[in-house]
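All residue numbers in this chain count up from 1 along the given sequence. Counting starts at 1 for both ligands and their atoms, in listed order.
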Amino acid sequence: MKLPYAEPYKIKATEAIRTSTREEREQWLKEAHYNLFNLRSEQVTIDLLTDSGTGSMSDKQWAAVMCGDESYAGASSYFRLKETIQRIFGMPYFLPTHQGRAAENVIFSALLKAGDIVPGNSHFDTTKGHIEFRKCHAIDCTIDAAADTQLEIPFKGEMDLDKLEKVFQSYPKEQIPCTVLTITNNTAGGQPVSMRNIRETAELCRRYEIPLLIDSARFAENAYFIKTREEGYADKSIKEIVAEIYSYADIMTISAKKDGVVNMGGFVAMRDADLLRRATSFCIMNEGFVTYGGMSGRDMDALAVGLDENTEYEQLHARIHQVQLLGELLDEYGIPYQRPAGGHAIFLDAKKILPNLPKEQYVAQTLSCELYLEAGIRGTEIGTLLADRDPETRENRYPKLELLRLAIPRRVYTDNHIRVIAAACRNIFERRDEITSGYRITFEAPILRHFTVELEKL
Ligand SMILES: *Cc1c(COP(=O)(O)O)cnc(C)c1O
């Protein structure tokens with residue numbers, strides 16, 4: 001008999017999960033005004049709100065925490081992280097920041113001026129925020145196929161090179177301070193970018209003399225997809241693939257809360273010493289002195305170990321296997337989600353699951369409440385609440401898709417938890433005809449309403 005698959009780790013410390021009754025959850029959800037962000041974490045059984053900063057560190061990372069050097073300047077923790085970044089990414093210079101958006105703040109302060117154009121493949125929302133805050137424009141050059149939820153292609157997060165070249169031809173190079181390539185493409189559902197597309201994007205950037213910045217939150221998951229899906233990479237190690245990816249980049253920003261498998265942290269790294277000088281002032285002003293920036297010494301040590309561990313195939317396989325297992329179970333039960341399963345999350349297609357619900361009643365939000373009531377599972381609405389209102393008319397901007405994102409934290413839940421999630425989805429799917437009413441908003445903030453919105457049941 002072929003031995004079944006098992007995780008490449010065993011568990012040394014556990015954290016109790018509080019279970020609850022449906023009556024308790026009904027009460028708590030009502031008190032939370034039907035907004036899952038308002039729940040206390042003890043009221044949640046399986047928390048799939050995000051995979052950011054929610055991963056579980058290894059014993060080696062915890063051991064590294066004890067070795068942290070908290071010196072203000074020149075801490076040995078900084079040099080250990082610097083050595084790791086040089087070895088894994090080949091980037092000679094870096095500045096530590098407290099998370100990914102802080103890295104964006106530091107580098108965009110040095111690079112962007114009002115009126116600039118920053119093309120990319122679906123800029124992440126904080127990236128777009130930092131670009132637009134500086135009165136610059138983010139132009140989306142993602143391939144059209146990314147918008148088709150049922151299309152199964154291996155690299156659905158790619159840059160459309162024709163769209164990118166059109167942008168390069170439409171503006172002088174002085175107005176395009178960089179191109180942002182996000183791997184994996186978070187906004188398109190954690191979909192990867194092939195090495196070929198990374199290389200060709202870099203070649204095009206080089207031809208037009210525009211620096212390439214890789215937004216690297218899930219770089220290791222992207223490398224896993226290159227190894228398992230792209231011809232010519234099956235026999236290469238994840239570290240070899242990562243080294244090739246970054247040989248094409250001039251700058252990288254990273255939220256270490258994802259593939260760094262730490263609870264907080266990030267950095268910006270680059271090849272150009274002059275750019276480092278300019279960025280350094282913004283790091284010192286907004287984050288901290290160059291050898292710690294936004295991180296304590298112990299956090300830098302935990303990150304150095306996390307980067308090394310999470311660029312090993314077995315670690316990535318264990319993680320992506322869980323996301324794929326959830327996708328396979330949903331397939332078995334006939335439940336529609338955005339295909340193929342991405343690297344860090346499954347996106348349930350709420351409109352297809354609850355076809356009888358009018359869009360005015362918040363379809364994905366209704367599904368997220370149902371999943372919480374069913375099994376205490378917390379996902380994130382990626383639908384009308386998130387899309388918010390038109391800034392001029394103040395009317396709802398109904399998006400094409402109503403999705404419920406189920407993000408899987410790294411090394412936190414077991415396959416049994418995944419089976420519970422799939423079964424809960426199935427129970428809702430089986431009684432979908434009974435779900436005929438949703439919610440109405442009773443309070444909404446002027447911007448970013450989804451975090452604090454209050455609703456009532458119709
Ligand atoms: C999370 C993320 C960011 C921002 O990082 P934070 O650590 O949340 O500030 C930027 N880009 C991508 C692709 C991300 O997933």
Side-chain angles (χ1 to χ4, degrees), residues 37 48-55 94-109 111-112 118-133 138 140-142 146 156-159 178-193 198 201 212-223 225 245-246 249 251-269 282-283 286-287 293-295 299-300 302-303 306-307 310 319-320 323 342-345 347 380 382 386 403 405-410 448 450-451:
F37 282 104
L48 308 180
L49 192 71
T50 176
D51 67 322
S52 176
T54 54
F94 92 106
L95 295 165
T97 61
H98 75 275
Q99 57 185 87
R101 67 198 70 183
E104 292 164 357
N105 187 30
V106 167
I107 197 68
F108 288 155
S109 295
L111 272 181
L112 269 54
V118 184
N121 58 334
S122 319
H123 309 68
F124 183 67
D125 46 20
T126 61
T127 319
K128 196 167 176 184
H130 274 294
I131 292 168
E132 293 179 346
F133 180 73
D140 187 4
C141 299
T142 312
K156 216 174 165 181
E158 294 194 330
M159 185 86 79
C178 64
T179 295
V180 177
L181 183 67
T182 305
I183 60 170
T184 57
N185 186 329
N186 187 352
T187 312
Q191 297 295 335
V193 178
I198 297 172
T201 300
L212 177 62
L213 183 156
I214 300 189
D215 181 352
S216 310
R218 297 181 182 81
F219 76 97
E221 290 166 11
N222 201 96
F225 285 121
I245 293 173
Y246 287 90
I251 305 164
M252 69 181 285
T253 53
I254 185 168
S255 168
K257 302 169 70 171
K258 284 85 168 216
D259 275 351
V261 205
V262 290
N263 304 115
M264 192 53 73
F267 60 84
V268 50
F282 297 103
C283 180
N286 296 304
E287 294 291 302
M295 297 173 82
D299 289 345
M300 289 191 281
L303 175 55
L307 287 172
N310 204 35
R319 172 197 187 22
I320 290 169
V323 181
H344 68 288
F347 294 71
T380 324
I382 310 231
L386 184 74
L403 302 171
R405 185 182 78 177
L406 305 177
I408 312 293
R410 293 167 184 78
L448 295 176
H450 58 287
F451 288 116

> Taking only residues two or more places apart in sequence, or in another chain, which ones meet Phe94 in a ring-ring contact (aromatic ring centres under 6.0 Å, His included)?
Tyr78, Phe267

> Do you know which two heavy atoms are closest between Thr182 and Asn186, and how far apart they sit?
CG2-N, 4.4 Å

> If a pair satisfies salt bridge (charged side-chain N to carboxylate O under 4.0 Å, His left out) and one of its residues is in residues 256-269, list it, with sequence neighbours excluded.
Asp259-Arg410

> Without hydrogens or angle criteria, can the side chains of Thr127 and Glu104 be said to hold a donor-acceptor pair below 3.5 Å?
yes

> Restricting to side chain to side chain donor-acceptor pair (under 3.5 Å), what partner residues turn up for Arg319, sequence neighbours left out?
Asp51, Glu221

> Evaluate whether atom CZ of Phe37 has more than 12 neighbouring non-hydrogen atoms of other residues, nucleotides or ligands under 6.0 angstrom away.
yes

> Which parts of the protein, at residue level, reach under 4.0 Å of ligand 1 through a heavy atom?
Gln99, Gly100, Arg101, Glu104, Phe124, Thr126, Thr182, Asn186, Asp215, Ala217, Arg218, Ser255, Lys257, Lys258

